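Input: a single structure, listed below in structure tokens.
Remember, it's 1-based here, ligands and their atoms both numbered in the order they're listed. Keep in mind it's a predicted model, so treat the numbers as computed, not measured. Any value given below was found using the heavy atoms of this structure, including those in side chains, with hydrogens, waters and symmetry copies removed.
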Amino acid sequence: MSDIKKIKDEFFQKLKGNLNLPELNEIKSNLFGKNGIISLQFKKIGSISENDRKKFASDLNKIKNELQDLINNKYNEIQNAEINKKLEKEKIDVTLPERNFVRGKIHPVSQTIDEISSIFSEIGFSVEEGPDVENEYNNFTALNTPDNHPARDMHDTFYLDEKRDKLLRTHTSPVQVRTMLNDKPPFKIIAPGRTYRSDSDQTHSPMFHQVEGLHIDKDINMGHLKGCLNYFIKEFFEVEKIRIRFRPSHFPFTEPSAEVDIGYEIKDGKIKIGEGDKWLEILGCGMVHPNVLKNVNVNPNHFQGYAFGIGIDRLAMLKYGINDLRSFFDCDYRWLNHFGFDPLDVPTNYRGLSR
Ligand code: PHE
């Protein structure tokens, strides 16, 4: 058998089998590389007797073309197989049911905090924040509530260490201390945030929300406090008239101190704010005690002002008709879907985003 015939038989056989790309490349270079089998046969032409040369050359050309065709076909075959494999993986099953589309809702407490912040910002208050983990000095001592003061027991504090130095803040009032220590008067701030007390029932949750207010300047008096709260409550509940009652009270950090009640009545099973002869307590307030000002390096002979602390959750419950405080923190998606707010739907009295 001639060499050419042998080559043909051997490589035709090989090229018909299953090959991957590297194997095919190897065959190609074995045949047509610089010292490849076919290339060497071409080099032999010159040494072949004139009689046989023509036939040899023509046979060689023929087999060269055949082998090249086979190799090219094989390349196409391998490429197609790869594409098919990819397509197989990317196959889209159009019978699958579509994914649920869930649009998040804004929690009523977040919504209420936003509303409160925008109402106070209208009259010049800026927003401050403080940490949930406080030290006992900021939470009590600086606020004129020394150790053994009975008010400390009333707060049902969560202490975080044996020395009772670190605690979860029991109110937002320590933000007053932080703000005044950090800056110079005048101050006109609100501070919304989480607060903690060891207490739990239908109207108390161990974690709840307050917003602190503080206005200190040269001539701020109780009249300003009343005017400010009156404005806020009317704006918040979106009513023209509101009945407000300042009841004498006691907080170590204010003198005089008051608790504020708003009038309401129940009509057709629904609570109506501002009317009726029932009273509901919503906040504590007073004129900042001179001892507090001294503790934060503000001279009480030159500066004075008021502070207040509002329970946010209770306001949200009243405004949006929610009757169990604990539902705020149950993380029940159906509840949130019902009471939550559409993030793209800006309520009429919500001025924070619309400007
Ligand atoms: N910190 C008080 C409380 O949690 C509320 C308050 C704040 C009272 C500011 C007076 C002034 O009960």
Side-chain angles (χ1 to χ4, degrees), residues 109 113 116 120 125 127-132 134-146 149-158 167-180 187-199 203-217 220-230 232-233 244-262 280-293 295-296 298 300 303-315 325:
V109 170
I113 290 176
I116 293 173
F120 278 111
F125 283 82
V127 178
E128 288 290 335
E129 279 183 344
D132 294 14
E134 259 301 357
N135 55 51
E136 82 68 52
Y137 180 79
N138 287 345
N139 196 81
F140 289 124
T141 309
L143 289 163
N144 200 32
T145 318
H149 193 290
R152 286 207 184 191
D153 293 339
M154 282 159 57
H155 276 209
D156 301 316
T157 311
F158 287 113
L167 48 82
L168 292 175
R169 65 177 178 189
T170 57
H171 50 178
T172 41
S173 301
V175 187
Q176 287 185 37
V177 177
R178 288 177 174 269
T179 307
M180 291 195 279
F187 302 103
K188 197 173 182 186
I189 58 121
I190 57 162
R194 287 179 292 270
T195 44
Y196 305 82
R197 291 181 200 176
S198 179
D199 208 353
T203 54
H204 294 92
S205 139
M207 191 277 289
F208 57 107
H209 298 82
Q210 285 190 340
V211 57
E212 193 77 8
L214 175 73
H215 189 183
I216 302 285
D217 208 331
I220 298 299
N221 59 45
M222 196 92 184
H224 294 109
L225 169 63
K226 285 181 133 182
C228 169
L229 292 175
N230 206 40
F232 165 70
I233 293 165
I244 300 181
R245 179 168 80 175
F246 283 71
R247 218 169 0 89
S249 184
H250 172 78
F251 300 102
F253 33 91
T254 45
E255 182 58 38
S257 303
E259 278 171 309
V260 173
D261 304 332
I262 52 174
L280 199 80
E281 180 199 322
I282 58 161
L283 64 94
C285 62
M287 299 303 290
V288 177
H289 198 291
N291 286 351
V292 175
L293 296 177
N295 288 339
V296 295
V298 172
F303 290 98
Q304 61 176 29
Y306 60 80
F308 55 81
I310 310 176
I312 293 178
D313 314 270
R314 180 170 274 194
L315 285 193
L325 173 66

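Checked against a 6.0 Å centroid threshold, the rings of F253 and H289 do not count as neighbours. Aromatic ring centres of F246 and Y306 lie farther apart than the 6.0 Å criterion allows. The ring of F251 has its center no closer than 6.0 angstrom to the ring center of H171.
Within the structure, the closest approach of F253 to ligand 1 falls below 4.0 Å when heavy atoms are considered. The closest approach between a heavy atom of R197 and any atom of ligand 1 is below 4.0 Å.
The ligand atoms of ligand 1 that sit less than 4.0 angstrom from a heavy atom of A307 are 9 (C), 11 (C). The distance from ligand 1 to the heavy atoms of S173 drops below 4.0 Å at these ligand atoms: 1 (N), 7 (C). The Q210 neighbourhood of ligand 1 comprises atoms 3 (C), 4 (O), with distances under 4.0 Å to a heavy atom of that residue.
A distance-only check finds a donor-acceptor pair linking the side chain of T195 to the backbone of F208 [under 3.5 Å].
Checked against a 3.5 angstrom limit, the closest N/O atoms of H171 and ligand 1 fall inside it.
With R178 as the fixed residue, the salt bridge (charged side-chain N to carboxylate O under 4.0 Å, His left out) test singles out one of E128, E129, E134: E134.
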